Every structure is written in structure tokens, then in C-alpha cells.
Amino acid sequence: MRYVVVPGAAGGGSLQPVDDRGTSAGPMEEVDSLAAAVAVRERAEHPRWVWPATDEVYPDLLAAGVVVGRCVDLALTEGILLGYDGRWGEARSLGAAWARLAGLPVPADPPPRSRPAAQQALFETAPESLPGGAAPLDAAVAVHADQLRRVAGEPLGDRLGLLVAAESACALVAAEMTRAGVPWRADVHDALLTDHLGPRPAAGLPPRRLAELADHVAAAFGGVRVNPDSPAEVVQAFARAGVPVSSARSFVLRRVDHPAVAPLLQYKELARLHAAHGWAWLDTWVRDGRFRPDWVVGGVVSGRWASRGGGALQIPQAVRRAVVADPGRLLVVADAAQLEPRVLAALAGDERLAAAAAASDLYSALAADSFGGDRARAKVALLGTLYGATGGDAAPVLAVLRRRFPTAVGYVEAAARDGEAGRLVRSRLGRTCPPPSARWREAQERAALSAAGEADQARARQAARDRGRFTRNFVVQASAADWAAVLLAALRRRLLAGGAPGAELVFFQHDEVAVHCPEQTAPAAAALLSEAAEEASRLVFGPTPVRFPLGIAAVACYADAK
DNA sequence: ACAGACCGCGCC
DNA sequence: AAAGGGCGCGGTCTGT
């Protein structure tokens with residue numbers, strides 16, 4: 001059983017039961033309290049909830065203490081299906097999907113909220129008004145039925161169905177993670193900052209340690225003040241000192257022999273800590289012992305999540321010291337080891353690479369097979385293949401890989417050729433890359449004309465190669481995102497079923513998840529994680545010798561997980 | 001004063 | 001000749 005549900009004014013809404021083909025299966029109902037109505041039916045029937053957008057509906061339900069098992073997020077599904085049809089970037093809201101179905105002018109999607117949901121007042125959004133004055137519930141029913149037909153009609157239907165189900169489950173996970181928050185010890189964070197930067201300065205002033213380092217830089221340049229935050233000034237200062245540098249990047253400066261380099265590198269490192277994760281960050285993002293970013297499911301074209309606010313996906317190692325489980329609880333942190341190479345092995349069906357990927361350390365196995373035991377070279381070769389490195393130091397090892405693993409290398413090279421030719425490529429479950437831009441196509445067409453100049457041709461070749469690198473990586477990165485999405489869905493279902501009482505998902509970063517749970521349920525949570533990874537591997541890739549092992553650690557502090 | 005481009009660097 | 005994928009964010013720089 002499914003219920004299509006749309007929110008109305010003041011916490012109310014309307015519901016329509018439908019069958020598995022999306023056809024009406026009972027009378028529509030209007031309710032004063034959507035949360036109460038959902039709670040009752042969830043307990044009694046455990047239906048699949050079909051709603052316009054999880055991030056608009058579910059936070060209010062969670063605030064009312066209502067957790068649901070399953071949903072269909074119409075907007076996320078619409079986005080996947082549009083992308084599959086090569087219509088990437090078209091509006092995906094209920095109103096837009098309805099308008100396309102009804103042949104009406106399609107409204108643009110509203111801009112993303114500038115502030116994370118966690119900082120917004122509840123119930124501040126008015127009910128959506130739809131093109132043609134349609135009732136939102138009727139529109140949602142129609143769009144849902146249409147989406148079910150579109151999925152079923154595709155040759156990749158089963159996998160695409162798995163993808164949209166997993167994506168919707170991820171939307172639930174994201175809302176729940178925002179509500180739970182990442183356990184964060186502001187006192188530990190503050191001590192860490194003081195330790196590195198000196199005591200907290202008055203607003204607008206640099207911390208003591210940064211001021212000292214800036215003095216050292218000036219002294220090393222013969223007393224001339226240089227703003228270390230300005231790449232242009234830094235490059236000029238080195239030029240004046242007779243050691244020209246091509247840029248102010250730290251890996252460039254590291255190779256330079258000059259007394260300003262050491263304090264400058266230290267300055268850059270600490271200035272970044274201060275600017276990105278300093279006291280201002282702490283004031284803005286941590287409340288009541290929790291960091292609450294907004295998670296954006298499918299925010300990256302490859303299907304990876306993005307985040308809004310607080311840089312949740314870029315928490316530096318040093319700052320992870322402040323991520324500490326509550327007393328009596330632990331963080332069970334799991335990361336998929338060498339996920340993307342394993343995904344390539346499974347995707348391509350390369351038996352020889354799959355044999356290496358059956359080992360717990362893929363790179364060592366690869367090194368033993370083809371690189372005389374040199375693990376570092378094996379790693380460079382494989383990553384170069386995934387990212388599209390073709391020359392320089394990587395060339396010889398890439399040649400080895402191509403000779404020994406023609407099926408795997410052929411898979412990504414075919415994806416690269418598709419990209420260079422302007423075609424679409426898809427992930428294992430059908431997530432599809434964006435088509436090339438109009439500008440890109442024009443550049444290719446211009447270069448193909450007989451009158452095209454050398455510069456036009458070079459530009460077009462460059463653009464084609466760039467897109468080839470993108471699509472080459474897309475098939476692997478997006479398939480890895482497929483796997484991770486299915487893992488999250490499988491994990492969430494197990495947690496909800498009570499497999500690890502008191503455990504909740506609090507963090508997800510591409511190939512890594514953290515569960516916050518009572519100490520005594522940590523072993524159970526770890527077991528659920530392993531089961532979820534096995535389920536994801538089976539559902540996404542079917543029978544394959546490739547293993548997708550999780551490294552799992554139960555720790556009090558996130559920084560100790562690795 | 002503000003917007004947007006670019007740089008540099010954190011994460012995967 | 002060389003040729004490295006995806007993000008978010010805060011800083012400077014440049015143009016209006």
C-alpha cells in the first residue's frame with residue numbers, strides 16, 4: 001500500500017491511498033494534523049509514503065516525533081528520470097513535473113534555501129500553488145503514476161527502480177541526520193584552536209600565532225610586509241627575492257629554498273584552520289553539542305551527496321578530535337576500503353582485476369600481480385586510470401595496467417570516448433551524466449568545419465578531452481555513489497527494525513558512515529553495517545567475486561577511527 | 001558597496 | 001609537451 005500525501009496549511013494536509021501502479025485505491029482524505037495521520041497509518045499499515053519533496057515534508061514530521069519506514073520523493077525521482085533522458089537541469093518540483101504531464105508552461109524550481117533547514121522556522125512555507133490551478137494531491141498522484149510507468153518502461157528498469165528507491169531512502173536518512181546532528185564537543189574544539197592559534201582574539205583581529213608567523217615572513221623578506229593570504233603578493237615577494245615561483249600553492253613553495261617558506265607554509269595551514277573551522281565556525285554551526293549541516297541528497301551530478309553550511313564533507317582530520325560520542329555512547333565508523341577501484345572491477349567484469357579485488361588490500365594484490373610487488377606504483381596506475389591521467393610519470397604504469405587488465409581499462413576508456421564524442425554515460429544503476437553544454441557542441445562543430453583555424457581545433461580538442469576525463473570518472477564515481485546509497489538504505493532499514501537499539505546515523509561522506517549508539521549496541525551496529533554492505537554489493541552488482549570490505553572501528557572520538 | 005571570478009585547500 | 005575526477009568554502013582581486 002502507498003499513500004500519496006501533500007502538506008497543506010498549518011500542519012494539515014491531504015492523503016490519497018494508491019496501489020503499486022499508482023492507481024487510486026480508496027477515498028482521498030483531508031486531515032488537520034498530517035503528523036498524526038501519518039503516525040497512525042505508519043503503525044497500522046507501514047505504507048510507502050509518496051510526497052513531493054522529503055526535505056519539505058519530513059523535517060516537520062520528525063519534529064513531531066514521527067519516523068516513517070519508506071517513501072518516494074517525487075522531486076528526486078523526477079531529477080533522476082530527467083537525467084536518464086538527457087534532460088539534465090530541467091525543473092523537477094511537483095509543479096514542474098505536473099506541468100510537463102499536463103502540457104502546461106513549466107515553472108522554474110525555487111532557488112535552494114540559503115539557510116539550512118535546521119536554522120529555519122517550521123511551517124513557514126505556504127502550500128505550493130500548481131500550474132493550471134490543479135489540486136496538489138491530484139498532481140502528485142498523477143506524477144507518481146507517470147514516474148512508475150517511466151521506470152518500468154526502461155530496459156534498465158529494475159536497476160533504475162532500485163536507484164530511485166535508494167535515493168528516496170537517502171532523503172529520509174539526510175533529514176534524520178540533520179535532526180540528530182554530529183556529536184560535537186565545543187570545549188575540545190576551542191582547546192584545539194587555542195593550542196594551535198593562541199587564545200581567541202577579539203572579533204576581526206588575527207590570532208596571536210598568525211600575527212607572529214606573518215612577522216617571521218616579513219623578516220625573511222627583508223622587512224617587507226607581505227599579506228600571506230594574497231597569492232599575488234606572495235608570488236611577487238619571491239620574485240623580488242630572486243626565487244621566482246609559478247604560484248603560491250604550498251606544493252610549489254615546498255620545493256623552494258628560502259627562509260620565508262617555512263613560516264609561510266605554517267601560516268597557510270593555521271590560517272585555513274582559523275578561517276574554515278575556527279571560532280566563528282564554532283559559533284555558527286555548533287549548538288547544544290551538535291553540528292547540524294544540511295545534507296543535500298544527489299547534490300552532485302554523480303549522485304554523491306553535497307552539504308550546505310559548515311562544510312560538513314570537508315571536516316579536516318585535526319578538527320575531528322572534537323567529534324566525540326556522548327558519555328556512555330560510541331561512534332561506530334565504517335569506511336569502504338578502496339571503493340572506486342573495486343567498483344571498476346565489478347562494473348567492467350574484468351576477471352583478473354576482480355581477483356585482485358577479492359583481496360582485502362586491492363593495491364597489494366595488484367602490485368603482486370603486475371607491479372613486482374610495488375604497491376605505490378600499483379596505486380598510482382589504478383588511480384590514474386580512474387581519473388584520466390595519461391602522461392607524465394603515470395605513463396609507464398598505465399601501460400602496464402592496460403596490458404594486464406584490458407577489460408577494466410577498456411571500460412573507462414570507452415566511457416572517455418563516449419564523453420569526447422558528446423554522448424551520455426550512465427552509472428551501474430542508471431544515473432546519467434549531463435549532456436555537453438551548447439558552448440561545447442558549438443566548439444566541436446566549429447572545429448569540424450574545413451575553414452577552422454588551428455586555435456579553434458586545439459580548443460575543441462581540449463574541451464573534448466576534458467569531457468572524456470569527466471565521463472571516464474563519472475561511470476566509476478557514480479556507480480560508487482549507487483553502491484553507497486543502497487548501503488545507506490539497507491542500513492537504515494536494519495536500524496529501524498531495532499537491530500541496534502538506540503543507534504542513529506549521524507554522518508555520511510561518500511564512502512564512510514558513522515553511527516552514534518550506546519556502548520553495548522556497538523557490536524550489533526557494526527554487524528548491521530557489514531550486512532548492509534553485503535546487501536548493497538549483491539543488489540547493485542549481482543554475483544561478483546569482487547569484495548567490498550568495510551573497515552569498521554568503534555571509537556569514542558572520530559579522530560581515532562583511522 | 002557589492003557581485004562574481006579566481007585562487008588555494010580541506011574532504012572523498 | 002603535457003595532459004587528474006567530484007565538491008564547499010573563505011580569501012583576494014576585479015569590474016561595476
Side-chain angles (χ1 to χ4, degrees), chain A residues 112 116 206 210 226-236 245-254 264-265 267-278 280-281 284-285 293-296 298-320 335-341 343-344 379-395 398 412 415-416 419-420 425 427 431 433-434 458 461-481 483-484 507-513 558 562:
Chain A
L210 286 183
V226 172
N227 178 1
D229 289 322
S230 166
E233 281 192 39
V234 169
V235 170
Q236 282 164 23
V245 292
S246 56
S247 81
R249 295 177 193 176
S250 37
F251 81 89
V252 171
L253 299 185
R254 232 181 292 278
L264 201 46
L265 290 176
Y267 179 96
K268 285 161 90 76
E269 193 180 328
L270 292 177
R272 180 166 177 88
L273 174 66
H274 180 240
H277 290 93
W281 184 94
T284 308
W285 294 109
D294 229 17
W295 305 95
V296 185
V300 180
V301 294
S302 65
R304 280 183 170 184
W305 290 20
S307 70
R308 199 161 35 215
L313 299 177
Q314 300 116 258
I315 303 168
Q317 280 299 327
V319 176
R320 295 182 184 192
D335 83 299
Q338 305 154 344
L339 179 58
E340 293 194 350
V343 164
L344 173 59
K379 186 173 175 179
V380 165
L382 202 35
L383 293 178
T385 299
L386 295 179
Y387 291 148
T390 50
D393 302 341
L398 288 169
V412 287
E420 289 172 12
V425 297
S427 74
R431 180 140 6 223
C433 77
R461 272 197 307 274
Q462 179 66 46
R465 273 196 302 272
D466 287 349
R467 186 158 194 279
R469 272 195 306 281
F470 167 62
T471 52
R472 165 198 292 267
N473 183 255
F474 181 94
V475 293
V476 176
Q477 187 183 114
S479 298
W483 181 87
F507 188 71
F508 169 60
Q509 186 179 37
H510 312 315
D511 60 2
E512 178 176 351
V513 300
Y558 188 29
K562 283 197 174 157

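Nothing here was measured: the structure is a model prediction, and the numbers come from that model. Note on naming: letters A, B, ... go to the chains in the order of the sequence lines (proteins, then strands), and numbering restarts at 1 for each one.
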When the distance from [atom1] of [X] to [atom2] of [N] is rounded to whole Å, what number comes out?
X: A:L273; N: C:dG11; atom1: CG; atom2: C1'; answer: 15 Å
X: A:E420; N: C:dG5; atom1: CD; atom2: P; answer: 13 Å
X: A:D335; N: B:dC12; atom1: CG; atom2: P; answer: 9 Å
X: A:H510; N: C:dC7; atom1: NE2; atom2: P; answer: 10 Å
X: A:R308; N: B:dC11; atom1: CZ; atom2: P; answer: 23 Å
X: A:D511; N: C:dG6; atom1: CG; atom2: P; answer: 17 Å
X: A:D229; N: B:dG8; atom1: CG; atom2: C1'; answer: 11 Å
X: A:F508; N: B:dC11; atom1: CZ; atom2: P; answer: 18 Å

Legend entry - C:dG8 base / A:Q314 side chain donor-acceptor hit below 3.5 Å: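 In this structure, the two groups form a donor-acceptor pair.
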Legend entry - Distance-only donor-acceptor test, A:R304 side-chain atoms vs B:dC12 base atoms, 3.5 Å: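 For A:R304, whose side chain was compared with the base of B:dC12, there is a donor-acceptor pair (under 3.5 Å).
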For a quick test of reading the model: is some side-chain N or O of [X] closer than 4.0 Å to OP1 or OP2 of [N]?
X: A:S230; N: C:dC13; value: yes
X: A:S250; N: B:dC9; value: yes
X: A:R249; N: B:dG8; value: yes
X: A:R272; N: B:dC9; value: no
X: A:K268; N: B:dC9; value: yes

[options]: which one has an atom nearest the side-chain heavy atoms of [X]?
X: A:R320; options: C:dC13, B:dG8, B:dC12; value: B:dC12
X: A:A275; options: B:dG8, C:dG4, C:dG10; value: C:dG10
X: A:N473; options: C:dC13, C:dG5, B:dC12; value: C:dG5
X: A:Q317; options: C:dG6, C:dC13, B:dC11; value: B:dC11

Legend entry - A:T471 side chain to A:A415 backbone, donor-acceptor under 3.5 Å: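 Pair found, side chain donor or acceptor close to backbone of A:A415.
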Inset, instruction - Return yes if some donor-acceptor pair links the side-chain N/O of A:Q509 with the main-chain N/O of A:L313 below 3.5 Å, else return no. - result: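 Judged by distance alone, yes, a pair lies under 3.5 Å.
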What nucleic acid atoms does [X] come within less than 4.0 Å of, heavy atoms only: base, sugar-phosphate, or nothing?
X: A:G310; answer: sugar-phosphate
X: A:A312; answer: nothing
X: A:I315; answer: sugar-phosphate
X: A:Q477; answer: base

Legend entry - Approximate separation, where rounding is to 0.5 Å, of A:F507 CZ and A:I315 CD1: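 The distance works out to 4.5 Å.
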Does any non-hydrogen side-chain atom of [Y] lie less than 4.5 Å from one of [X]?
X: A:Y387; Y: A:V412; answer: no
X: A:V343; Y: A:V475; answer: no
X: A:C433; Y: A:V301; answer: no

Inset, instruction - For C:dG4 versus B:dC9, give the span between their C1' atoms, rounded off to a whole number of Å. - result: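 Result for the C1' pair: 16 Å, nearest Å.
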